[in-house]
Structure formats: C-alpha cells, structure tokens
Amino acid sequence: MAKPPGLYAPILRETLSDLYKNPPLGEKLTVKGWVRTRRTTRAVSFLELQDGSTLRALQVVLSHNLIPRERIESELHTGASIGVWGELTPTPERPQPFELVAEGYELYGSADPEAYPLQKKTHSLEFLREIAHLRPRTRTFQAIFRIRSGISFAIHQYFQERGFVYVHTPILTPSDCEGGGQLFQVTTLPLQQIPTHPDGRVAYEYDFFGRPAYLTVSGQLEGELLATGLGRIYTFGPTFRAEPSHTPRHLAEFWMIEPEMAFYDLSMTMDLAEDFLKYLIRYTLRNFSEELAFLAERYEPLLLAELEHAKESAFLRLSYTEAIEILQKSGKEFQFPTHWGSDLQAEHERYLVEEYAQRPVILYDYPKAIKAFYMRQNPDEKTVAAFDVLFPRIGEVIGGSQREERYEYLLSRIQELGMDLFTYENYLDTRRFGTVPHSGFGLGLERILLFLTGMTNVRDVVPFFRAPGQMA
RNA sequence: GCCCGCUUAGCUCAGCGGUUAGAGCAUCUGGCUGUUAACCAGAGGGUCGCAGGUUCGAAUCCUGCAGCGGGCGCCA
C-alpha cells in the first residue's frame, strides 16, 4: 500500500484523508473540496465537504455573522467547489470528531442546482451510467475506483514479489488468439472507397501494415513467446472483443491479467491462481475497509462475509467429469440436461458453486472439443488440461490451461481446425526449439472487481465503459 | 444473436380504461439557538419515451420503433 501523501508534504498538499489520520486540532488551515450538502439554520450554515481522498466528509460551519447568509445560499449548492479556511475544532459531543469553523471561503466553481444532475440523495447506478463523466463525484464510484486502483497495484506487487516479469504485449495484432472470436479490425483504408482486387478481395497491401490488423483479444500467445525466454511473465492491460454480448459481465474493452509460466503444469497453475485470488481479497480487506463498509451498506450486505469466506476456503477442485456426475446425481431440474461432452451452462456452474460447494470452485480437464486449440491434450485423448475458476455471485473469473508444448500435437490441432498456419509460424517455433511444458491463465479485472466491490454490472467498475452500442 | 421486462416531474417511484395525473426527495420563497439523509410552512415544475391504432373516453389496451435493464448463448 502506498504511503499516505501527508508524509510527502510540502510537495503534496494535505487532503481530508490526511486530516482524519492526524487532525491538527486548534490550528488554522485551508481545506479544498466539493460541497456534498448544505444545511442552513438561522445563525449558521453547515457544509459537508468532500475532496475524493476519503469517503468521509468534513463538516464546515459558516457563521452568518462572518459570511452573509445570502452569499452562502446563492453559491454553496451540492457540487460547488471551494477553498475554505478557519480553525479545526474538536466536537466530542457531536457525531463527527471535529469540524472546521470557517472564517472565509473562496468559490472556485458553482454548480447550478437546476442543472447539476447529482443531488445529495442516492441515485440509481443506471442513472449514473448515463452521466459517467460525473460519476466520480459520488462516494460509490470513489470507493470503486479506489479499490480498482489498489487492486491494480496489488496485482503488480503479487507478481513482482514472485519474480514475474511484467511484459507489454501488443495491442495491435495480426491474429486472433482464440481462433473464432470476434475482433475489432483496425485499418487506415478509406471506408468509402476500399481498394479491392479484381476478384473482390480487399487489397490489404494498401493498408497500414500491408495485411489485416486487429485489436488484441488476449496477450496470451505473445505471453507464451516471452515466457519461453523469461520463464515467468505476466501481462496486465486492455483487451478488446467485438462480441455483441449484452450482459452485465461483458465489456468490449476490458482489462486482463495474464500470467504465463515455463515449467508449470496444470496443478501448479491452479495453485497459483487460487493463491493469487486470495491475495487480492486479503489486500482489499486490509486496505479498503472504509470503502467496503460503504459498499456493503449501500449495495451488498453480505459483501464482507463473502470476501472473508472466499479468502478462508480451500477452493473445491472438480474435474469436468466429476462435475457432470454431480450434476446428474443432483436431482435438480436443469433447463439444459448435461451429458459428458456438453459445455456447462451458467445454471450448472451456479449450482456447483452456490449449492454444491458453497465456495469458489475450480473445474479442470475439459473435453477437448469445447476448448481452444492451444490447450494441452491429456493422456486420455479426450480431455485437455484446462481450468476455470468459478466464484459465487459472478461466475467465471479465471480461465486457464496448460499449453500444448508438443510440436506435432499442436500442429495437427491447428490443421484439424483449418487455421492459418502462416499466422502461427512464430508460435510453432517455440515448440520446435527448446519447447517446455508451460501454463497460464487470464483473470478479468472487471470480473474480480464485481466480487470485491459487491457491484453486479461490469459497467460500474470501469470509469468509462465500452459495450455494444455504448461508449460512456 | 434469441427471450423477457421497464420507460410517468430534475431524481426515486405510485397510478394500470373514467373528473383538472400524484407522493417523497431536489429546486425556489419564508421560518427555525447547532444541523447530521436536519426540520416546519408555502410555491413552481409533466408532450405520462416516440409514432400509429382501438375506444364516447388512453399514462392505462394493441402494433411498430427507440433507449435502458435483465435472462440465455459466448467468454474474462
């Protein structure tokens, strides 16, 4: 966790957070922030001032003797930004420990109450999505974005402390990692007049790269190339999927963490994934108790209990085959009946996590036919060494696998699926020269943030969301 | 992509075939010995999403469209 900025004064000015950590009672000071609410009585007005550094507000008392009531009533509405000076006074008999007794203030920016969309009441998350540019003024989004920031730091800390190299895989790529996913194409060709060959094919030699280019859907393939030199690497960056998924769990632009480790088999990788997730939960509980308490009170009463429970439980590991048996013996009426070889539906995953296990579940060894080409074939020749981590309330947070490191197996899989060999030449090279068993996984940042914040829609855990038909 | 639901004041919602469409909060005006989602009194504020249709009469029923939300699929 970063040190409080107060330690770096005078380079950094003090925030309300600093004030609450070490209040200079009896001293004169200036505080700057935004007005959350104002209450006016005959002789004095009270402000709740917030500055984004903490969810707590500072109560400011403005005496109408010193500052005209008309000025206060015309300027200090919810959302106005001010600098206010006075003495910090203890108030042991009041709900708050101290308040600022103002001597004067400077108005930086007013907020016309007839036009300013935010009010002191709670707004719906749906309404706030329509004003994503103003959401950061609310405590809810301050809490969420602070947790997002902290968790991003914790992700780096976890891997850096363990000798993983942070690698930057390209955003612009020539290939589709998963083979079949929908990509955003990137081009500088004029859309009104796309150059074509006589047979109608697009003349990509005139495009920027001289070939088709896309936004990456995953850094995994490049991550593997780097891991087969550096040993243990991780990526952490944005990824893009042009799938028309209209759900609370999908974004067109989202952040993904993808570690890739040479000389790791599936079991070691599942251990790492579980340890990593618990680390993130512990980190959040330790560093964001104020934010969690707020979010729990507002949105998800069970939030703290869920985090504690997930942190303490051993994730239940089930092979796909075991999971199918459990589902078939469950006596539950599912909309989609299961048989060996069918992909698990959301209802099946929910049953396994929420009813059967009642804790996070790791499913592994999936049928080869329903998984990606690069996953390592198991000796049974029917399954591949893949795993998913399923969480209560939010479903899949991690998908991973041991990668196929045997050249012949990988080559024949690529050919079987009719994929373009040329595109995967470099990838295949890592199997031709000094190939090693290796594994990795992908964690969706927004997915884990749903779990950590109690939110239920990924649009609410990213500052500006991109989803089909929506650019906040 | 398929299915379901919602859309009424700035916000959250009630009204679900029958006077002039309501409430709370917000706003404005006034009041209040220090408030804590302050309180009290009063006022303003509506093309009932849009376009058609049924009806003596539509916010209310029907159709289409749009936006939003949710479920499924796909996945992180």
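In what follows, chains are A, B, ... by sequence order, proteins preceding strands, each numbered from 1.
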Pick the nucleotide of RNA chain B nearest each of A:Tyr116 and A:Gln59; which residue has the one closer to the 5' end? A:Tyr116
For B:U12, give its Watson-Crick or G-U wobble partner with both distances under 3.5 Å, or none. B:A23
Between the base of B:U27 and the side chain of A:Gln119, is there a donor and acceptor pair under 3.5 angstrom? no
Does the pair A:Arg39/A:Glu48 count as a salt bridge with the N-to-O cut at 4.0 Å? yes
For A:Ser401 and A:Arg403, does a side-chain donor sit closer than 3.5 Å to a side-chain acceptor? yes
Using the test salt bridge (charged side-chain N to carboxylate O under 4.0 Å, His left out), find all partners of A:Arg146 that sit at least two apart in sequence or belong to another chain. A:Glu291
Respond yes when some side-chain nitrogen or oxygen of A:Gln470 is under 4.0 Å from OP1 or OP2 of B:G69, and no when none is. yes
Considering only NZ, NE, NH1 and NH2 on the basic side and carboxylate oxygens on the acidic side, decide whether A:Asp265 and A:Arg376 come within less than 4.0 Å. no
Who is the Watson-Crick or G-U wobble partner of B:G64, with both distances under 3.5 Å? B:C50
Under 3.5 Å, is there an N or O donor on one side and an acceptor on the other linking the side chain of A:His123 and the base of B:C11? no
Base, sugar-phosphate alone, or nothing: which one does A:Thr247 contact when heavy atoms must sit under 4.0 Å apart? base
Is A:Phe254 stacked on the base of B:A76, meaning ring centres closer than 5.5 Å and planes within 30 degrees of each other? yes
Polar pair under 3.5 Å, donor/acceptor by atom type, side chain A:Glu99, base B:G34: yes
Does a distance-only test, which skips hydrogens and angles, find a donor-acceptor pair under 3.5 Å between the side chain of A:Ser245 and the base of B:C74? yes
Just the rounded figure in Å: distance from C1' of B:G5 to NE2 of A:His246. 13 Å
Between B:G70 and B:A38, how far apart are the C1' atoms? Round to whole Å, please. 38 Å
Starting at atom OH of A:Tyr366, determine the distance to atom C1' of B:C74, rounded to an integer number of angstrom. 14 Å
Any N or O donor-acceptor pair linking the side chain of A:Arg447 to the base of B:C75 at under 3.5 Å? yes
